[in-house]
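The analysis underlying the following values was restricted to heavy atoms, covering all of them including side chains, and did not include hydrogens, waters or symmetry mates.
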Amino acid sequence: MEQTATASPQMLLKRAALLLLGLASLANALFMLAAPQSWYQTIEGVPNTGPYNVHFVRDIGMAYLTQAVLLFWAAWQMARAFPLVLAVAIFLGLHAVLHFWDIAEERLPLEHLLLDLPGVFLPALITLALALWCRNAQE
């Protein structure tokens, strides 16, 4: 990792964004793994997606843990950030498509467009934008 004293302000901003997104992913993963039932009941709209299943919540928690690792790795190795962050964006984007599809097919109520905005749709868009921003990152 480059020394912060020689890093450009833009590189520091990219690294900070990656670390912040990584911390959010890690927090969500730990919540899902440590208290899956509480996570299921606390996150608005989740109960609409199907009955509680402890194993399934923890499976998804492992996906978010993987995502956190990829984002931290990208922050550490900015020259390799693009494919790492793009992998996270693909997961989050497909997750968002699934939610949109379930809404379109009326498996989820229309209100999920707003319920899912902060936790599903925006993270996918933000991560894709971050991946593109990191496309030519050099250390």
Side-chain angles (χ1 to χ4, degrees):
M1 184 160 91
E2 70 186 69
Q3 298 296 317
T4 55
T6 62
S8 72
Q10 187 177 57
M11 188 65 68
L12 290 173
L13 193 56
K14 287 177 186 179
R15 189 166 276 140
L18 290 167
L19 290 172
L20 185 62
L21 197 55
L23 286 171
S25 297
L26 180 62
N28 189 46
L30 294 176
F31 188 15
M32 294 176 89
L33 294 169
Q37 188 163 17
S38 181
W39 178 89
Y40 177 86
Q41 293 169 342
T42 301
I43 306 299
E44 191 173 7
V46 170
N48 294 346
T49 64
Y52 172 70
N53 179 322
V54 64
H55 181 87
F56 189 62
V57 172
R58 286 187 171 144
D59 275 347
I60 299 166
M62 291 304 235
Y64 277 93
L65 184 59
T66 301
Q67 177 177 298
V69 169
L70 292 173
L71 291 165
F72 291 143
W73 186 5
W76 181 260
Q77 297 288 320
M78 289 300 297
R80 295 181 176 95
F82 175 66
L84 297 168
V85 182
L86 186 60
V88 174
I90 289 169
F91 164 70
L92 290 175
L94 291 172
H95 179 218
V97 167
L98 178 62
H99 277 247
F100 188 78
W101 184 12
D102 282 346
I103 293 164
E105 291 291 322
E106 299 179 350
R107 288 185 290 268
L108 288 174
L110 188 58
E111 69 186 26
H112 266 263
L113 283 174
L114 289 177
L115 286 176
D116 293 345
L117 185 64
V120 177
F121 300 123
L122 284 178
L125 293 172
I126 290 167
T127 306
L128 178 59
L130 187 54
L132 294 173
W133 192 29
C134 291
R135 187 174 31 195
N136 297 317
Q138 301 296 319
E139 292 200 63

- Message: For residues Leu70 and Leu19: do they belong to one hydrophobic cluster (side chain heavy atoms under 4.5 Å, members Ile, Leu, Val, Met, Phe, Trp, Tyr)?
- Response: no

- Query: Applying the 4.5 Å side-chain criterion to the ILVMFWY set and letting contacts propagate, would Val69 and Leu33 be lumped into a single cluster?
  - Reply: no

- Message: When you group the ILVMFWY residues by side-chain heavy-atom contacts below 4.5 Å and let the links chain together, are Leu113 and Ile43 in the same group?
- Response: no

- Heavy-atom pair with the smallest gap, counting every atom of Gly45 and His112: O-CE1, 3.1 Å

- Side chain to side chain, Leu13 and Gln10, heavy atoms closer than 4.5 Å: no

- Task: Answer yes or no: is there a side-chain heavy-atom contact under 4.5 Å between Asp116 and Ile103?
- Result: yes

- Donor-acceptor pair, Ser38 side chain versus Ala35 backbone, under 3.5 Å? no

- Given the rule that I, L, V, M, F, W and Y join up when any side-chain heavy atoms are under 4.5 Å apart, are Leu114 and Leu108 in one cluster? no

- Message: Quick check: do Trp101 and Arg107 have side-chain heavy atoms less than 4.5 Å from each other?
- Response: yes

- Item | Atom pair OG1 (Thr127) and CG (Leu71), whose distance is rounded to the nearest 0.5 Å | 6.5 Å

- Query: Do Leu128 and Tyr64 share a hydrophobic cluster, counting only Ile, Leu, Val, Met, Phe, Trp and Tyr and linking them when any side-chain heavy atoms are less than 4.5 Å apart?
  - Reply: no

- Query: Does Tyr40 offer a backbone N or O that forms a donor-acceptor pair with the side chain of Tyr52 under 3.5 Å?
  - Reply: no

- Query: Can you find a heavy atom in the side chain of Pro47 that is under 4.5 Å from one in the side chain of Gln41?
  - Reply: no

- Closest approach of Arg15 and Ala75, non-hydrogen atoms and distance? NE-O, 2.6 Å

- Message: Would you say that Leu23 contacts Phe72 through its side chain, given a criterion of any heavy-atom pair below 4.5 Å between the two side chains?
- Response: yes

- Query: Mind checking whether Met78 and Leu18 have side chains closer than 4.5 Å, heavy atoms only?
  - Reply: yes

Distance-only check: which donor-acceptor pairs under 3.5 Å involve side-chain atoms of residues 25-32, not counting sequence neighbours?
from	atom 1	to	atom 2	distance (Å)
Ser25	OG	Leu21	O	3.0
Ser25	OG	Gln67	NE2	2.6
Asn28	OD1	Trp39	NE1	2.9

- Message: Surrounding CD of Glu44 (heavy atoms of other residues, nucleotides or ligands, distance under 6.0 Å), is the total greater than 12?
- Response: no

Identify all side-chain donor-acceptor contacts of residues 117-125 below 3.5 Å with residues at least two apart in sequence or on another chain.
none

- Item | Separation of Ile60 CD1 from Leu65 CG (nearest 0.5 Å) | 13.5 Å

- Item | Distance in Å, Arg58 CZ paired with His55 NE2, rounded so as to fall on 0.5 Å steps | 10.0 Å

Tell me which donor-acceptor pairs under 3.5 Å the side chains of residues 81-97 have, and how far apart each pair is, sequence neighbours excluded?
from	atom 1	to	atom 2	distance (Å)
His95	NE2	His99	NE2	3.0

